[in-house]
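Here's the structure, in structure tokens; my notes come after.
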Amino acid sequence: LAAKIIDGKAIAEGILAQTSARVAQLKNETGRVPGLAAVLVGDDAASKLYVANKRKACARAGIYDELHHLPGDCHEDELVVLINNLNNDPKINGILVQLPLPSHIHKEMVLDEIALEKDVDGISSLNLGKLVSREECFTPATALAVLKLIESTGEKVEGKNIVVVGESVLIGRPVSFLLLNQGATVTTCHRHTKNLAEFTKKAEVLVSAVGKPNLITHEMVREGAIVIDVGITEVLGENGKRRVVGDVDFEAVKQVASWITPVPGGVGPVTVEMLLKNTVKAFEQAI
Ligand code: NAP
């Protein structure tokens with residue numbers, strides 16, 4: 001029996017409806033709306049598209065947004081000054097620095113300039129440390145999206161054997177810690193994991209966050225598993241057109257799994273809505 005598809009777009013629409021209603025209510029009560037500032041450095045096409053999508057989502061939710069686009073060769077100090085201005089701007093509740101940053105910029109130093117109460121992407125070292133120590137914090141949006149998508153199947157995370165493939169600071173680690181905090185038994189696999197399939201085969205829930213098409217084949221998936229594909233890779237299709245694919249061999253794995261997210265239309269749209277939710281939370285904490 002083929003797996004059921006987890007419809008990320010529909011789940012995202014549901015979250016958007018809730019966020020829009022909350023923003024309208026806050027506007028009524030305070031005369032103000034939450035504000036998100038996106039900081040984009042350079043002209044990476046994918047980054048531009050991600051930022052444009054996030055801004056579109058803000059407009060749909062009634063969230064104020066502004067874009068700060070700096071040239072790719074800008075000095076680190078310019079970025080620090082900008083972030084400090086945004087930290088002090090009462091219109092802005094959330095600051096999103098779109099990654100990756102150009103290699104001459106010290107990423108960690110820049111991200112750590114974001115005021116903790118405005119770090120809605122949850123990627124400053126202080127915020128991530130709070131996630132690890134189970135303190136109140138902004139959980140990174142992708143991790144929240146993964147949790148939401150798993151829970152949308154009606155299954156609980158608590159007690160599950162979950163394997164996360166990928167251990168980046170931005171995705172794999174926050175996903176692993178959030179699921180661990182929710183009571184799952186989490187195994188995090190990475191480039192140096194020997195016999196990856198031995199681990200993935202045991203997973204009741206398999207999350208892949210690597211960026212390698214077809215890394216996860218059907219032989220690597222336990223029958224009845226929930227499969228969440230975070231990976232996004234642009235490939236050239238047979239028709240010569242560019243398209244995005246995940247890490248999972250979708251058609252084959254669909255025959256083994258019980259639930260599976262598509263790419264596109266899975267983790268991506270829910271991630272954007274989780275960022276907006278964090279921005280509303282930042283506004284609520286500021287009033
Ligand atoms: P990343 O920084 O490149 O991290 C990839 C991780 O996978 C690293 O831990 C890497 O290990 C590991 N890895 C590489 N090859 C592997 C292999 N053969 N087996 C097991 N692990 C392997 O990328 P990222 O920022 O975490 O993003 C991961 C993917 O998610 C990308 O495709 C990205 O485009 C996508 N993404 C999706 C969303 C969304 O909303 N859906 C949001 C952001 C990113 P090393 O550290 O040793 O290289």
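Remember, it's 1-based here, ligands and their atoms both numbered in the order they're listed.
- Distances from atom 46 (O) of ligand 1 to the heavy atoms of E167, H192, K212, E234 show the closest one on E167.
- Nearest-residue assignment for atom 6 (C) of ligand 1 (options A141, G166, A145; heavy-atom criterion): G166.
- Nearest to atom 17 (C) of ligand 1 by heavy-atom distance, out of V175, T200, V146, L215, is L215.
- Geometrically, ligand 1 and R191 share a nitrogen or oxygen pair separated by less than 3.5 Å.
- For ligand 1, the atoms sitting less than 4.0 Å from at least one non-hydrogen atom of G268 are 40 (O), 41 (N), numbered in the order shown with element in parentheses.
- A donor-acceptor distance shorter than 3.5 angstrom exists from the side chain of S258 to the backbone of G224, with no hydrogens or angles considered.
- Remark: distances from the non-hydrogen atoms of G172 to ligand 1 are all 4.0 Å or more.
- Ranked by closest heavy atom to atom 43 (C) of ligand 1, the top entry among I171, I216, T261, V210 is I171.
- Residue-level proximity to ligand 1 for T271 is carried by the side chain, the only part with a heavy atom below 4.0 angstrom.
- Remark: the backbone N or O of N214 is not paired with any side-chain donor or acceptor of D249 at under 3.5 angstrom.
- Taking a 4.0 Å cut-off on heavy atoms, V165 registers as neighbouring ligand 1.
- For the ligand labelled ligand 1, residue C189 lies outside the 4.0 Å heavy-atom shell.
- When N53, I232, V263 are checked for heavy-atom proximity to atom 33 (C) of ligand 1, I232 turns out nearest.
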